[in-house]
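To keep things clear, I will list the structure first and then write my remarks on it.
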Amino acid sequence: MRLFRIPVLGGLVTATLIAAIIGAPSPASAAPPVLTDKTPGVRTGQAEPVKPALPTNITAVVETSADEIKVRTPRAGGGLSLKLYHLVPGADAKKVLANLRTKGAVPAGTATEVRAATADWQECSTSYGSAKYLCAKTSPHYWYNWRWNGFDDPQVYFRDYTPAAWPVKASVAEWNKSPGVDSYWTTGACPTGGRHCVPVRAANSGANGIYAETDMEVDSVGFFIDGTVRVDFNNYYSSTDDNRGTACHELGHALGLAHNGSTSSCLYNSAVSGPDPRLPHSTDISVLRYILYAD
């Protein structure tokens, strides 16, 4: 039996389409259904993976590059906060950072490091091409993902507050194709009961050099903390060519992915001529399935 997930959530409707049933056994001999990554929203008692605790010597730091500013700060009680600012092509990262400091978005006295994307201290490489995931390069290794909370896969709802110019729904549908984590789009209230909610908003923030921002906090073992993960787009830079790719890019970060060196991935970490890549690459999907959300 082959099952397909179709997320269509205005309030909360989830349809599972049975495409084909071949050789179904008789009721007397029928085996229990096999729960796979094609069965969304099912509570199976899935245990959380065992993860190491974050070292206590993590410090606040800012990293700047031509395309992004990252701000990492420790959390009281353990864990850390991470803010990712996606810069518009040609933005002066120093000026953008100075503005963020003026607004208090960067803690006073936080050191600044200028690094190439290949030497990023918050991105860990994988064996899946040039796809990466968000992490702290510490010993022991420390990565970020959503809790299962007893479901077959973590349940992540993207609560869309944006206008039609930002194709969030289409991007969520693409990320939902990944086994290992179930992504849903909704304009209604996010469900509770162990499900996660990521608000996605857009506002005109003016010519600040920031196309989009994704914020997150993780606990002492690297699980995202509910209510702290959000995505914000800047309508000032809204572009028909690039909004789809930007939406896909930021939602990928909200699932735990970092950048990808492939120009075919919406998580590509540099500006391109013409429209931005709009879709996840197969290597992005592999990182979700086999690293961040491996059963």
Side-chain angles (χ1 to χ4, degrees), residues 3-7 14 35-42 44 46-51 82 84 86 120 122-136 141-158 168-185 194-198 200 214 216 218-219 221-226 229-231 244-269 277-295:
L3 304 178
F4 295 86
R5 282 182 280 149
I6 305 177
T14 303
L35 298 174
T36 71
D37 290 312
K38 294 294 186 182
T39 51
V42 176
T44 63
Q46 175 72 40
E48 310 284 5
V50 177
K51 300 175 67 178
L82 186 63
L84 310 176
H86 182 170
D120 198 307
Q122 285 288 354
E123 300 192 359
C124 286
S125 300
T126 71
S127 60
Y128 300 104
S130 54
K132 301 178 181 179
Y133 57 96
L134 294 170
C135 68
H141 187 53
Y142 186 80
W143 66 99
Y144 320 140
N145 56 357
W146 290 101
R147 288 187 179 274
W148 277 249
N149 287 339
F151 287 94
D152 184 40
D153 299 318
Q155 306 289 292
V156 183
Y157 287 76
F158 290 95
V168 175
K169 181 178 181 180
S171 294
V172 172
E174 291 299 326
W175 286 118
N176 192 45
K177 294 177 181 179
S178 172
V181 57
D182 296 338
S183 300
Y184 302 95
W185 175 85
R195 300 168 180 86
H196 310 292
C197 187
V198 178
V200 184
T214 298
M216 59 192 69
V218 295
D219 62 21
V221 290
F223 286 115
F224 292 122
I225 298 172
D226 286 305
V229 183
R230 64 182 178 87
V231 174
R244 174 70 182 272
T246 300
C248 178
H249 187 111
E250 301 307 321
L251 300 190
H253 286 330
L255 292 174
L257 290 170
H259 293 123
N260 193 327
S262 170
T263 55
S264 297
S265 169
C266 65
L267 284 160
Y268 184 62
N269 56 354
R278 298 185 170 195
L279 303 174
H281 191 267
S282 61
T283 53
D284 299 318
I285 301 301
S286 293
V287 172
L288 289 176
R289 178 65 186 94
Y290 298 112
I291 296 179
L292 295 182
Y293 299 102
D295 293 333

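Residues passing the side-chain contact (heavy atoms from CB on, under 4.5 Å) test with A170 are P167, R244, sequence neighbours excluded. Annotation: side-chain contact (heavy atoms from CB on, under 4.5 Å) contacts of D219 (sequence neighbours excluded): R147, V221, F223, I225. Residues passing the side-chain contact (heavy atoms from CB on, under 4.5 Å) test with S264, sequence neighbours excluded: S262, H281.
Atom CD of residue E123 and atom CG of residue L257 lie 10.0 Å apart, to the nearest 0.5 angstrom. To the nearest 0.5 Å, the span separating CG on L134 from OG1 on T214 amounts to 9.5 Å. A distance of 11.5 Å separates OH of Y142 from SG of C135, quoted to the nearest 0.5 Å.
Taking 4.5 Å as the limit, every side-chain heavy atom of Q46 sits out of range of all side-chain heavy atoms of D153. Taking 4.5 Å as the limit, every side-chain heavy atom of W143 sits out of range of all side-chain heavy atoms of I291. Contact of the S183 side chain with the L255 side chain is registered, since non-hydrogen atoms from C-beta on lie closer than 4.5 Å. The closest side-chain heavy-atom distance from N260 to C266 is not below 4.5 Å. Under the 4.5 Å side-chain criterion, counting only non-hydrogen atoms from C-beta, Y128 is not in contact with S282. The closest side-chain heavy-atom distance from W148 to T44 is not below 4.5 Å. Using a 4.5 Å heavy-atom cutoff, the side chains of T126 and Y290 are not in contact. Two residues are said to be in side-chain contact when any heavy atoms from C-beta on lie closer than 4.5 Å; E174 and L251 fail this criterion.
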Practice task
Decide yes or no on side-chain contact (heavy atoms from CB on, under 4.5 Å) for W175 and C248, but give the supporting numbers first.
Solution key: CA-CA 8 Å; W175 286 118; C248 178; 3.7 Å; yes

Exercise for the section: Please lay out, stage by stage, how L84 and M216 fare under the test side-chain contact (heavy atoms from CB on, under 4.5 Å). Expected result: CA-CA 9 Å; L84 310 176; M216 59 192 69; 4.2 Å; yes

Exercise for the section: Could you check Q155 against D182 for side chain to side chain donor-acceptor pair (under 3.5 Å), going step by step and ending with a plain yes or no? Expected result: CA-CA 5 Å; Q155 306 289 292; D182 296 338; 2.8 Å; yes

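The side chain to side chain contact (heavy atoms under 4.5 Å, CB included) with V156 is formed by just one residue from the set V198, N176, V172; it is V198. If you run side-chain hydrogen bond (donor to acceptor under 3.5 Å, both in side chains) between H259 and each of H249, Q122, K132, only H249 comes through.
With ring centers used as reference points, W146 lies 6.0 Å or more from Y293.
The two residues N145 and K51 have their closest heavy-atom pair at OD1-NZ, 2.7 Å. Smallest separation of non-hydrogen atoms from T263 and P277: O-CG, 3.1 Å. Shown here for P154 and V181, the closest heavy-atom pair between the two residues is O-CG2, 3.7 Å. The two residues F158 and A254 have their closest heavy-atom pair at CE2-CB, 4.0 Å. Nearest heavy-atom pair across D284 and A131 is OD1-CB, 3.9 Å.
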